[in-house]
Amino acid sequence: MTVQELVKKVFFVEILKGLALTLSRLFTKPVTRRYPKEKRPAALGFRGLHALVRNPATGEAKCVGCGLCAAICPSRCIYIYTKEGPDHKKVVERYEIEVLRCVYCAFCVEACPFGAVVLTPHYEYSDYSRDNLYMTKEKLLQNWDKYMGEEGYNYFDKFWNPKADHFRTPKEQPKWRKS
Ligand code: SF4
Ligand code: SF4
């Protein structure tokens, strides 16, 4: 053991350095948040709870029941039931998503030619009941009203055609080291 190492050991130099670092951190702004009291908005393009888009003209679901979303879904968790309506038109009787099996790939959103299904920014939907996480057409339309609404009509512009400033570092981004 060298003299330098001996001095370090005798005077607890490394421990004192660690304590000094801890003390200096006591007076800096914390980067952690007290969730759920403090929340941050979801990042752009966040893939949260599903919703069916309402047609602004009719107030009904935009979905026409083509089934492309169900065909592309890798989890096979979208179920669509159609029937023949007036004038031999196809009517979407039921549109259901088994949320617990979803992997949030957003292929359904990408595949839909009508922009009729979206993944909302809502992420706080854990539950004790499987039934509550089985989304029916009515629930999916309610999700649209609750989590997207009028703003939701810009969803595809924002999410699928992101503008350059959407990729900048968020002002709120915690900094771990001084740059
Ligand atoms: S996000 Fe992916 S896994 Fe989930 S419903 Fe859509 S296609 Fe299926
Ligand atoms: S792809 Fe779009 S329009 Fe076709 S069934 Fe799915 S949500 Fe409806």
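As the structure lists them, so they are numbered: ligands from 1, and atoms in each ligand from 1.
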| field | Cation-pi geometry met for R94 and Y81 (6.0 Å, 45°) | value | yes

| request: Check the angle between the aromatic planes of Y134 and Y79 and answer parallel, tilted or perpendicular using the 30° and 60° thresholds. | output: parallel

| request: With heavy atoms under 4.0 Å as the rule, classify the contact between I78 and ligand 1 as side chain, backbone, both or neither. | output: side chain

| request: For G65, counting its heavy atoms only, list the atoms of ligand 2 lying under 4.0 Å from any of them. | output: 5 (S), 8 (Fe)

| message | Strictly under 2.8 Å, is atom 4 (Fe) of ligand 2 approached by any N, O or S atom of C66? | response | yes

| note | A student checking ligand 2 against V64 at a 4.0 Å heavy-atom cut-off should list atoms 3 (S), 8 (Fe)

| said: At less than 4.0 angstrom from any non-hydrogen atom of I80, what atoms of ligand 2 do you find? | reply: 5 (S)

| What atoms in ligand 2 come closer than 4.0 Å to a heavy atom of F114? | 3 (S)

| message | Taking L16 as the starting point, is it possible to reach L21 by hopping between hydrophobic residues whose side chains are less than 4.5 Å apart? | response | no

| query | Any N/O/S atom of C69 sitting less than 2.8 Å from atom 6 (Fe) of ligand 2, backbone or side chain? | reply | yes

| task | Run the numbers for me: atoms of ligand 2, each under 4.0 Å from some heavy atom of C112, listed by number. | result | 1 (S), 2 (Fe), 3 (S), 7 (S)

| message | Could you tell me, atom by atom, which parts of ligand 2 come under 4.0 Å of a heavy atom of G67? | response | 4 (Fe), 5 (S)

| said: When you compare the side chains of E124 and Y35, does any donor N or O come within less than 3.5 Å of an acceptor on the partner? | reply: yes

